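As structure tokens, the structure follows; a few thoughts come after it.
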Amino acid sequence: MHTALPLWFEIGSFVVLLLILAFDLLIIFKRPHIPSPRESALWVAFYVALALIFALLMLVVGDAEHAGQFLAGWLTEYSLSIDNLFVFVIIMGRFAVPRKYQQEVLMVGIILALIFRGVFILLGAGLIASFSAIFYLFGAFLLWTAFNQAFGKHDDEGAEDSWFIKFARKHLKVSTQYNGNKLRTVVDGRRMFTPLIIVFIALGTTDLLFALDSIPAIFGITQSPFIVFTANVFALMGLRQLYFLLGHLLDKLVYLKYGIAFILAFIGVKLVFHAMHENELPFINGGEHIEWAPDISTWTSLLVIVGAMVVATIASLVKLRMSGTSVAEAIHGDESDEDEAEETVVDGTQEDPRT
């Protein structure tokens, strides 16, 4: 169902969201620091409350269908963003990014994610408008992604450089140590990049890959580009604080990938049913609509998404508790090791990241 909201509401929403992101970015660069669990929790709660208020406004300005599509899309993108966050944790640890500057690095990753998702939203909307059968392809892609998410091996994810990072290492002059939050530094009179450039490239390529999953997924919830984009923005806002709040707990949520896989598979099936219901391909049912194909409602989708994430999270925490590890230990257990690693990087005694 394609929805339309008042133009003033859409423009006003974009302006407010842009101001919030700019304010968040200003805070980071003015006061780089490691946020406390309390500070992180308050910010996460603020952004979640903001998303719920926005859904309420959509209910008032639009209707329940608008609000339901936004909530379902936001929760879908939020769950996928948490999966993205897990890879960010791997990247930060692998390149030993000093925790003091991880906020800035994460913000760059989030901005890159917004840019890539914005581009894919425009492309996806254009494809849907001109080729309705694209839902068959979207559905098949999500089903394949769900299978890979559930049964693929992720233990070594991020252990090897992508071809793009290898190319950058080969052709860029990169120093062996960080210099605060600077991208460029001087070593023995020579201008060089700091390891941050490799970190940003790693985050960018990761964001690009995750955008390929997230955009088809949310177009299975709504075909409104405005709702798609705002759901993505709200899902990414607060992700930086969630990183510091959850810490190493992300690695302990072992069943989270199955919850995400179930959501992707559900939306994939929904997309295929939608494509069948709206079928125009001449070699399928003679080009006629397949009337028996069910049209899954927005509120059914919302219940399935919430249920999958709740079950996956509770199951993970139960397993964590049965292993004898508390949530606090899971979050903060390795931070002292990280701090020691950061000191070696700042002092320049860490192994050359190009080797």
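Please read all numbers here as calculations on a predicted model, not as lab measurements.
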Minimum heavy-atom distance between [X] and [Y], given as atom pair plus value:
X      : Y      : result
Ala146 : Ala261 : CB-O, 3.2 Å
Tyr178 : Leu196 : CE2-N, 3.8 Å
Ser214 : Asn232 : OG-OD1, 4.2 Å
Phe95  : Ala202 : CE1-CB, 4.1 Å
Ala125 : Phe219 : N-CZ, 3.7 Å
Ala211 : Phe116 : CB-CB, 4.2 Å

Shared hydrophobic cluster, [X] / [Y] (ILVMFWY, side-chain heavy atoms < 4.5 Å):
X      : Y      : answer
Leu42  : Tyr243 : no
Val60  : Leu57  : no
Val306 : Leu52  : yes
Leu303 : Met309 : no
Leu183 : Ile201 : yes

Hey, can you pull the donor-acceptor pairs under 3.5 Å for the side chains in residues 107-114, sequence neighbours left out?
none

Kindly indicate whether the side chain of [X], heavy atoms from C-beta on, has any atom under 4.5 Å from the side chain of [Y].
X      : Y      : answer
Ile267 : Ser301 : no
Ile215 : Phe210 : no
Pro294 : Phe273 : yes
Val228 : Thr222 : yes
Thr185 : Val187 : yes
Phe266 : Ile296 : yes
Phe193 : Lys173 : no
Val272 : Phe138 : no

- Task: Show your working on side-chain contact (heavy atoms from CB on, under 4.5 Å) between Leu271 and Tyr136 and close with a plain yes or no.
- Result: CA-CA 7 Å; Leu271 282 171; Tyr136 281 117; over 6 Å; no

- Query: So Asp207 and Phe88, side-chain contact (heavy atoms from CB on, under 4.5 Å) or not? Walk me through it.
  - Reply: CA-CA 10 Å; Asp207 286 333; Phe88 283 0; 3.3 Å; yes

Looking only at atom types and distance, does a side-chain atom of [X] sit under 3.5 Å from a main-chain N or O of [Y], one as donor and one as acceptor?
X      : Y      : value
Glu10  : Pro6   : no
Asp63  : His66  : yes
Gln149 : Ile260 : no

- Angle class for the Phe234/Phe54 ring planes (parallel below 30°, perpendicular above 60°, tilted otherwise)? tilted

- Task: Could you check whether the rings of His274 and Phe135 sit parallel, tilted or perpendicular, using 30° and 60° as the cut-offs?
- Result: perpendicular

In residues 71-80, what donor-acceptor pairs under 3.5 Å come from side-chain atoms, sequence neighbours left out?
residue, atom, partner, partner atom, Å
Thr76, OG1, Ala72, O, 2.8
Glu77, OE1, Arg117, NH1, 3.1
Ser79, OG, Leu75, O, 3.3
Ser79, OG, Thr76, O, 2.6

Atom [atom1] of residue position [X] - does it have more than 12 heavy atoms of other residues, nucleotides or ligands inside 6.0 Å?
X      : atom1 : answer
Phe141 : CZ    : yes
Arg190 : CZ    : no
Phe147 : CZ    : no

- Query: Going through the distances and angles, do Tyr47 and Ile20 end up as a side-chain contact (heavy atoms from CB on, under 4.5 Å)?
  - Reply: CA-CA 10 Å; Tyr47 283 123; Ile20 292 173; 3.9 Å; yes

- With distance as the sole criterion, is a donor-acceptor pair present between the side chains of Gln177 and Thr194 under 3.5 Å? no

- Task: Determine, step by step, whether Gln69 and Ser224 satisfy the side-chain hydrogen bond (donor to acceptor under 3.5 Å, both in side chains) criterion, reporting the C-alpha distance in whole Å, the side-chain angles of both residues, the deciding distance to 0.1 Å, and the verdict.
- Result: CA-CA 9 Å; Gln69 288 183 6; Ser224 167; 5.8 Å; no

- Does anything in residues 126-138 pair up under salt bridge (charged side-chain N to carboxylate O under 4.0 Å, His left out), and if so which pairs, sequence neighbours excluded? none

- Apply side-chain contact (heavy atoms from CB on, under 4.5 Å) to Leu203 and Ile91, showing your working. CA-CA 8 Å; Leu203 291 175; Ile91 292 173; 3.9 Å; yes

- Message: I'd like to know whether Ser297 forms a side-chain hydrogen bond (donor to acceptor under 3.5 Å, both in side chains) with Thr300, so could you lay out the CA-CA distance, the side-chain angles of the two residues, the decisive distance to 0.1 Å, and finally the verdict.
- Response: CA-CA 5 Å; Ser297 70; Thr300 300; 2.8 Å; yes

